[in-house]
Amino acid sequence: MTMEKNKTPRLTLVVPCYNEEAVLPTSSDTLRNIMQQLMAQHQITTDSKIMFVDDGSKDKTWGLITQLRASNNLFTGLKFSRNYGQEAALMAGMQVAHHYADLIITIDADLQDDPQLIFDMIAKSRNGFDIVYGVRNDRSSDTWFKRTTAQSFYWFMKKLGVDIVPNHSDFRLMSKRAVIALMQYQETSPFIRGIIPQLGFPTTKVYYKRQPRQAGTSKYPLRKMIRFALDGLLSFSVAPIRAVLYAGILICGGALAVFLWVIIQHIRGAVVTGWSSIMLSLWFLGGFQLVAISIIGEYVGRTFTETKHRPRFIIQTDTYTSSFTTAKPTMATFHFDHQSVK
Ligand code: UDP
Ligand code: MG
């Protein structure tokens, strides 16, 4: 266990938000209620927080977060300098929060993932689990297209040997030590759902039915979904390169057969114009080489972006950290005095 037995944990809810002005008022209400119940039951400390990570929204999201912050110091926020994507928002939230929190729960702003499950998650963590996955066992509220593409993605990743939890999105609880372990993964575009099963630690799941979005529209157009799937595939597996190798070997075998056939025809004296076979192989091999080169290029490109070690995100404003540091001014004063005496 990360914390001593019976010590009340300090919780931070990390909520990524991108253009969520439509849903934030109701979501923040629901989450505040849950946090207050947890505090009343002494399940979490009274200085536990909700942290909204504004991923460079273009609407009034940050304005709403600031208002919430002013109304109740349970609410805090991080604001990115621009849109970096949900994964970056989650990483930033966890990175900032784990300096203060014993437990971190990440949840989407639209509350499609049943927030009532937070109670079960805390109970599981009390039983010694470091990672608790929220898993959807009913996706009937999603569109057919979303369901099918998601299912094929899980199936394909599994075939490639990448260990991800099917029907789990980013609704999960993590203990401080699990988050510290996650922070050691320094890649520029981490595929969080693929990394967490690699961390180890006692792990369990809780199940729920996915709800439709309460307000606003999905922030995941097809373009972002494809990018996400490709990120997962290419950052976790060399299988595509291997597939090209096997196909190459197969084609070489085929070429050998063609070679034998050509020799035999030659000895028999049969005149073959050869135009069609040359055209076929020209087109086929040309196309195949392009595919192969593009796959290699993908990996080389990734090496290129990773070696630059660019920051994963830039935080413009942080009202989470200040909510703790201003709450404890005595500590800072003490340190200062101590040094000036020396
Ligand atoms: N999100 C984000 N940055 C983005 C896109 C989405 O922080 O670039 C957040 C969004 O605000 C929401 C969560 O990620 O809290 C999931 O997005 P959404 O609900 O639109 O995805 P869906 O449920 O349709 O897959
Ligand atoms: Mg959603």
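Given the structure is predicted, the values throughout are model-derived calculations rather than measurements. Sequence positions, counted from 1, serve as the residue numbers for this chain. Whatever order the structure lists ligands and atoms in, that order sets their numbers, starting from 1.
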### Task
Over 60° means perpendicular and under 30° means parallel, so classify the ring planes of Phe153 and Phe228, tilted if in between.
tilted
### Task
Report yes or no: is the cationic atom of Arg82 (NZ for Lys, CZ for Arg) closer than 6.0 Å to the six-membered ring centre of Tyr84, at no more than 45° off its axis?
yes
### Message
Distance under 4.0 Å, heavy atoms only, partner ligand 1: which residues pass?
### Response
Pro16, Cys17, Tyr18, Glu20, Asp55, Asn83, Gly85, Gln86, Asp108, Ala109, Asp110, Gln112, Lys146, Arg210, Arg213, Ser218, Lys219, Tyr220, Lys224
### Message
Is the ring pair His168/Tyr133 parallel, tilted or perpendicular, if the boundaries are 30 and 60 degrees?
### Response
perpendicular
### Message
Check Asp170 with Arg193, please: is the shortest side-chain N to carboxylate O separation under 4.0 Å?
### Response
yes
### Task
Could you verify whether a donor N or O on one side chain and an acceptor N or O on the other, from Ser57 and Asp54, lie under 3.5 Å apart?
yes
### Query
Do Tyr18 and Thr61 come close enough that some side-chain heavy atom pair is under 4.5 Å?
no
### Task
Measure the acute angle between the ring planes of Tyr320 and Tyr100, then classify it against the limits of 30° and 60° as parallel, tilted or perpendicular.
perpendicular
### Query
Hey, is Asp113 close enough to Arg172 for a salt bridge, meaning N to O under 4.0 Å?
no
### Summary
Under 2.8 Å from the Mg ion (ligand 2), protein N/O/S atoms total 2
### Task
Applying side chain to side chain contact (heavy atoms under 4.5 Å, CB included) between Leu78 and each of Val14, Thr317, Ile315, report the one that passes.
Ile315
